[in-house]
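Right, one structure below, let's go through it.
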Amino acid sequence: MSEAPLVELRNLEKEFAGTKALKGVSLSFASGEVHGLLGENGAGKSTLIKILTGVYSPSAGEIRLEGVPVKISSPPEAHRLGLGAVYQDAELVSSFTVGQNILLGNEPGRVALNDRAIHDEAARILAKMGIDLDVRRPAGDLSAAEMQLVTLATLFHRRYKLIVLDEPTARLSAAESEVLFRIIEGFKTQGIAIVYISHRLREVQEICDRATILRGGLVSGTLNRGEVTEDRVTGLMVDRNRSELSTFNNGESVLPDVALEVTAISTARLAPLSFKVHAGEVLGVTGPVGGGMEELARALGGITRHSGSASVRGKTVALATPIQARSAGIALIPEDRRKQALFPSLSVAENICLPVLHSLQRLLTVSPGPMRKYADGVMERLAVRPPNSSTQVRFFSGGNQQKLVIGKWMSAGAAVYIVVEPTNGVDVGAIKEIYDIILGLARGGAAVLLVSSSLRETLAMADRIMIIHDGVKVAEAPKKDWSYDELLAVTLSGISRRAA
């Protein structure tokens, strides 16, 4: 009788408000295996790993751990069972040291905490993993990449059986990625299973023993290492029967005037690139998550330090800070609404009116009445529900929150809108409304940079498409010149026959 897999998923289903994100997923993960998980945005990857780590409960189906059925009712229960995850936005206790974070909850010493013992043990763990970090360094001073490595060290210390790595190299340099790959090899020798989620086909080919492709909430196929090729993965990811988005940009709003011209803009993670966006044009910027498209958005929004130059409507502008970017006529609508664009505990009126407070004030004060009137107008225009501007933002759905973020900047009259992953975490019913709002900005004469990892979204919305892969622009062409299959192939491989 063959040995039971470490983790086995049997006919997992998950339904959200009548929409099935998982439709009967069955697959298994073996001890000491690196198992790739691939699929388009919306294929079900995030839902699956959230069920594995206790964030969601399945609507139907069964999870078996070492042959025994288990119920993973919460993240603490997942931790107790030895199932953990490291996400791109790994978070630590910023006021604690590296060592204190690694040993948090598992500190040596039964009676009193021994500071020296904690940091000595943390140093041994990092040395064993090949990570060169000062264990007494405050976690708040770490880079995103270093935070990921410290989180890995935490899981290493706690003897996890399965670890999910979600786009783990998205924020890592080539050297840091090599450190990660060595750590993964070390995990394998200990019998730890790794679920490796990535849009980078070369990484999957290099380190994964098997790879499962999800499509439309189902397993499309599982490939062994030697079978993972661009053609086979592309074929398994593409749903030939899936209907296209009902919203489609026909390109009729593009004007001859150049709204944004960027020359040799670069950052520590982005090679110099130049491009123009016309008034009324939607430039789709896509590529693998963490491949550089987000870096471009942050640079133009004044968040990330960069070199190069930019002009808005023919005028050279400074983009060293978010305030300068806004003054230049650039509005950045980020992916993370709660952390980067909204104040959840404030009302809709207070959030929407922030960019235009100067125009609402009378005698150096802003009265609630004009704020509510202005916010009510924006909410009506964007069909935000419920239409109550005094309600705190945290009580709105993801789709309505995204509409509020767009509405926050819409009436400010920006020349350029940078919209990052606009439908991430948004329910299906709100997606078309958000698309129509974005296309409305273009029809109003604004230039739009649509930064999205969704290829279908990009093909539906863009006039022109630019692909950034590993910090380099690898291709740029009008939408009419792209097929879905070619766009997917270039995004996965970073290789294009088109001139960049």
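Heads up: numbering here begins at 1 and tracks the sequence.
Between Ile465 and Trp482, the closest heavy-atom pair is CB-NE1, 3.7 Å. When all heavy atoms of His469 and Thr491 are compared, the closest pair comes out as CD2-O, 3.1 Å. Here the closest non-hydrogen pair linking Val312 and Ala328 is CG1-O, 3.4 Å. Smallest separation of non-hydrogen atoms from Leu273 and Met466: CD1-CE, 4.4 Å. Here the shortest heavy-atom pairing between Ile265 and Ala299 reads CD1-CB, 3.9 Å.
To the nearest 0.5 Å, atoms CG (Asp141) and CE (Met147) are separated by 11.0 Å. A distance of 7.0 Å separates OG of Ser253 from CZ of Arg443, quoted to the nearest 0.5 Å. Phe187 contributes atom CZ, which lies 5.0 Å from atom CG of Leu152 (distance to the nearest 0.5 angstrom). How far CD1 of Ile330 is from CG of Leu319: 4.5 Å, rounded to the nearest 0.5 Å. Between atom CD of residue Gln392 and atom CG of residue Leu342 there is a gap of 12.5 Å, rounded to the nearest 0.5 Å. For the atom pair CE (Met293) and CG (Leu450), the distance works out to 10.0 Å, reported to the nearest 0.5 Å.
Looking at Val393 and Ser347, their side chains never come closer than 4.5 Å, going by heavy atoms from C-beta outward. Counting only heavy atoms from C-beta outward, the side chains of Val451 and Leu296 never approach each other to under 4.5 Å. You'll find the side chain of Glu230 reaches within 4.5 Å of the side chain of Leu201, heavy atoms only. Side-chain contact between Ile468 and Val474 is absent, with no heavy atoms from C-beta onward closer than 4.5 Å. Annotation: side chain of Val277 is not in contact with side chain of Val258 (no heavy-atom distance under 4.5 Å). When side chains are defined from C-beta on, Val204 counts as touching Ser198, because their heavy atoms get closer than 4.5 Å. Annotation: side chain of Ile102 is in contact with side chain of Leu126 (closest heavy-atom distance under 4.5 Å). The shortest side-chain heavy-atom distance between Pro168 and Val86 does not fall under the 4.5 Å cut-off.
Around the CG atom of Asp132, the shell of radius 6.0 Å holds no more than 12 heavy atoms that belong to other residues, nucleotides or ligands. The environment of Lys188 atom NZ is dense: over 12 non-hydrogen atoms of other residues, nucleotides or ligands sit within 6.0 angstrom.
Salt bridge present: Glu146 and Arg137 bring a charged side-chain N and a carboxylate O closer than 4.0 Å. Checked for salt-bridge contact, Glu185 and Arg182 miss the test: no charged N lies under 4.0 Å from a carboxylate O. Checked for salt-bridge contact, Asp115 and Arg136 meet the test: a charged N lies under 4.0 Å from a carboxylate O.
Evaluated for a side chain to side chain contact (heavy atoms under 4.5 Å, CB included) with Leu332, the options Val420, Leu300, Leu449 yield exactly one hit, Val420.
Using modelled atom types, one finds no donor on one side chain facing an acceptor on the other under 3.5 Å when comparing Ser311 with Thr316. Side-chain N/O atoms of Glu457 and Ser452 include a donor and acceptor closer than 3.5 Å. Thr151 and Gln148 share no donor-acceptor pair across their side chains, judged by distance under 3.5 Å alone.
Not a single donor-acceptor pair under 3.5 Å links the side chain of Thr267 to the backbone N or O of His306. Using modelled atom types, no side-chain atom of Arg200 and backbone atom of Asp470 make a donor-acceptor pair closer than 3.5 Å. In this structure, Thr321 contributes its side chain and Gln324 its backbone to a donor-acceptor pair below 3.5 Å. Between the side chain of Ser220 and the backbone N or O of Leu236 there is at least one donor-acceptor pair closer than 3.5 Å. Without hydrogens or angle criteria, Asp463 side chain to Glu281 main chain gives no donor-acceptor distance under 3.5 Å. With Thr234 contributing its side chain and Asp231 its backbone, the two residues share no donor-acceptor pair below 3.5 Å. No side-chain donor-acceptor contact under 3.5 Å links Lys45 to the backbone of Asp166. Under a 3.5 Å cut-off, the side chain of Asn351 and the backbone N or O of Phe343 do form a donor-acceptor pair. Looking at Arg225, its side chain does come within 3.5 Å of a backbone N or O of Glu206 through a donor-acceptor pair. In this structure a side-chain-to-backbone donor-acceptor pair under 3.5 Å is missing from Lys479 to Arg464.
For the ring-ring contact (aromatic ring centres under 6.0 Å, His included) test, residues two or more places apart in sequence or in another chain that qualify with His35 are Phe29. For Ser327, the side-chain hydrogen bond (donor to acceptor under 3.5 Å, both in side chains) criterion is met by no residue, not counting sequence neighbours.
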Exercise for the section: Go through the steps to decide whether Glu295 and Thr304 satisfy the test side-chain hydrogen bond (donor to acceptor under 3.5 Å, both in side chains), and finish with yes or no. Expected result: CA-CA 7 Å; Glu295 192 80 352; Thr304 297; 4.6 Å; no

Handout entry: Candidate pair Thr97 and His119, rule side-chain hydrogen bond (donor to acceptor under 3.5 Å, both in side chains), full reasoning
Key = CA-CA 9 Å; Thr97 65; His119 289 92; 2.8 Å; yes

